[in-house]
Number of protein chains: 2
Amino acid sequence: MAEDPSQFFSVEETETLGTESTVEPLQLGKRVKDIRLSHNLTLEEASKRTGLARSTLSKIENEQISPTFTAVQKLAKGLNIDIPQLFSSPKESRTAGRRDITRKNEGKPHPTPTYEHEMLAAQLSNKKILPYKTTVRARNFSEYPSWVRHDGEEFMLVLKGSVILHTEFYEPVEMFEGDSTYYDGGMGHALVSTSEEDAEVLWVTSS
Amino acid sequence: MAEDPSQFFSVEETETLGTESTVEPLQLGKRVKDIRLSHNLTLEEASKRTGLARSTLSKIENEQISPTFTAVQKLAKGLNIDIPQLFSSPKESRTAGRRDITRKNEGKPHPTPTYEHEMLAAQLSNKKILPYKTTVRARNFSEYPSWVRHDGEEFMLVLKGSVILHTEFYEPVEMFEGDSTYYDGGMGHALVSTSEEDAEVLWVTSS
DNA sequence: AACAAAAATTTCCTATTGGAAACTTTTGTG
DNA sequence: CACAAAAGTTTCCAATAGGAAATTTTTGTT
């Protein structure tokens with residue numbers, strides 16, 4: 001959309017970085033071992049699946065060597081794990097063990113010319129899912145300067161009224177209460193209200 | 001929840017795996033180079049930041065060597081990129097450039113004893129966000145055998161009726177139409193309808 | 001507890017990575 | 001377009017990863 005919630009809120013902090021490379025632990029070996037064991041595989045079996053030697057696997061698990069990227073790829077493929085997941089931080093999500101309830105109309109407001117965004121679960125940071133309840137004021141596609149593309153994926157559900165969904169590469173579609181859509185955030189997109197009153201939608205973007 | 005959508009649908013295909021590891025391209029070198037250039041760094045500067053030799057960086061960028069994991073860590077730290085992102089697949093999300101619209105009550109149904117799940121955007125696989133419209137039939141927490149913990153995070157919005165949200169570590173809370181919640185999927189959780197009719201919620205889980 | 005079988009680790013060797021310096025290419029300035 | 005400076009690549013060697021087989025440890029059975 002020309003105005004996407006995630007464009008307006010600086011919701012998630014960015015990681016700070018030192019200029020010198022003290023490489024953190026990130027127990028790759030331990031993780032690999034846990035995964036292998038959780039699949040109930042012996043080194044021998046894991047070796048067959050990954051194409052890496054038993055000895056190599058053992059050394060990786062015991063952190064005796066730093067596997068090459070090629071080895072990591074084989075590992076990931078053979079044990080059916082995806083690499084991002086394999087490395088994704090033990091600086092785990094701040095949501096761990098938490099819950100946040102947002103009562104109706106009590107989200108964190110953020111108005112823009114064409115939308116009235118209300119961020120839900122605003123107490124929690126570093127969320128994997130960013131939920132907004134949004135009121136669509138625009139009545140005309142021309143009110144949008146140009147649409148924006150951004151990373152991630154989006155889901156939208158019409159809560160009240162009706163809208164026209166404009167998306168790059170596709171024909172505009174009218175959507176009514178209860179209809180929903182899912183699309184690549186990388187495609188330009190925008191919403192226009194077609195109902196008497198302003199339309200309301202739930203907008204969810206992946207981080 | 002005792003019954004989580006993601007527990008019941010085998011929604012996303014699991015990657016098939018050959019027993020032999022023909023490792024896919026994944027242009028790591030190109031990516032690294034793009035990132036370096038986007039920061040307007042010369043190899044010399046990147047070398048200083050990462051602690052890797054100019055020559056090593058060059059070879060990595062030109063895919064002449066497969067860096068060790070240690071090297072990758074230094075790279076990531078020095079250039080301020082996070083490793084998951086660095087690797088996240090150019091076998092990119094099947095959502096790329098796509099859009100899927102689900103009309104009201106036309107999701108892919110999946111009934112269970114206590115919930116009536118309807119998966120939205122079921123055409124798209126490998127989604128980062130998994131949206132369900134769910135009818136809550138349970139009237140009593142005792143209908144749940146035991147609650148389940150799983151990876152990822154969840155968002156829930158009450159669409160119709162009212163429910164009690166049970167979550168481990170927290171007191172149960174009654175939620176009404178328009179209320180929403182966000183929580184760690186790793187906490188046990190379950191929903192009970194408290195309205196005359198079955199309650200309806202939108203459930204969204206991160207993949 | 002003693003033994004055999006299975007699993008994991010270590011050794012030893014080859015292949016590949018990583019770094020210093022030489023070399024080549026590109027950029028930009030008169 | 002010649003030249004110098006900067007950027008990038010290649011070479012050569014030392015350090016480390018990866019694989020086959022030997023060795024050790026663990027597991028399970030009597």
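The analysis underlying the following values was restricted to heavy atoms, covering all of them including side chains, and did not include hydrogens, waters or symmetry mates. Reminder, nothing fancy here: chain letters follow the sequence lines and each chain counts from 1.
Between the side chain of Asp198(B) and the backbone N or O of Thr135(B), no donor-acceptor pair lies under 3.5 Å. With Thr181(A) contributing its side chain and Asp100(B) its backbone, the two residues share a donor-acceptor pair below 3.5 Å.
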Discussion item. Quick one, Thr68(A) with Thr68(B), criterion side-chain hydrogen bond (donor to acceptor under 3.5 Å, both in side chains). Give me CA distance, side-chain angles, the key distance, then yes/no.
Written reply: CA-CA 4 Å; Thr68(A) 59; Thr68(B) 58; over 6 Å; no

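Between Met175(B) and Met156(B), the shortest heavy-atom distance links the atoms CE-CE, 3.8 Å.
Note: Phe155(B) and Trp203(B) fail the aromatic proximity criterion, with ring centroids not under 6.0 Å apart.
Per the geometry, CD belonging to Gln73(B) stands 18 Å off P belonging to dT17(C), to the nearest Å. Taking atom CD of Glu45(B) as the reference point, atom P of dA7(D) lies 7 Å away to the nearest angstrom. What separates CZ of Phe69(A) from P of dG18(D) is a distance of 13 Å, to the nearest Å. Atom pair Ile60(A):CD1 and dA17(D):P shows a separation of 10 Å (rounding to whole Å applied). When the P atom of dA7(C) is taken as reference, atom CG of Leu57(A) falls 14 Å away, rounded to whole Å. Nucleotide dT9(C) holds its C1' atom 13 Å from the CD1 atom of Ile65(A), rounded to whole Å. Between the CD atom of Glu44(B) and the P atom of dA21(C) there is a distance of 12 Å, rounded to whole Å.
Under 3.5 Å, the side chains of Tyr183(B) and Glu153(B) contain no donor-acceptor pair of N or O atoms.
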Practice prompt. Treat primed atoms plus P, OP1 and OP2 as sugar-phosphate and everything else as base, then score nucleotides 9-15 of chain D 5' to 3': B for base contact with protein heavy atoms under 4.0 Å, S for sugar-phosphate contact only, - for none.
Written response: BBB----

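In this structure, Leu37(B) and Thr68(B) both approach DNA chain D, and ranking their closest nucleotides by distance from the 5' end singles out Leu37(B).
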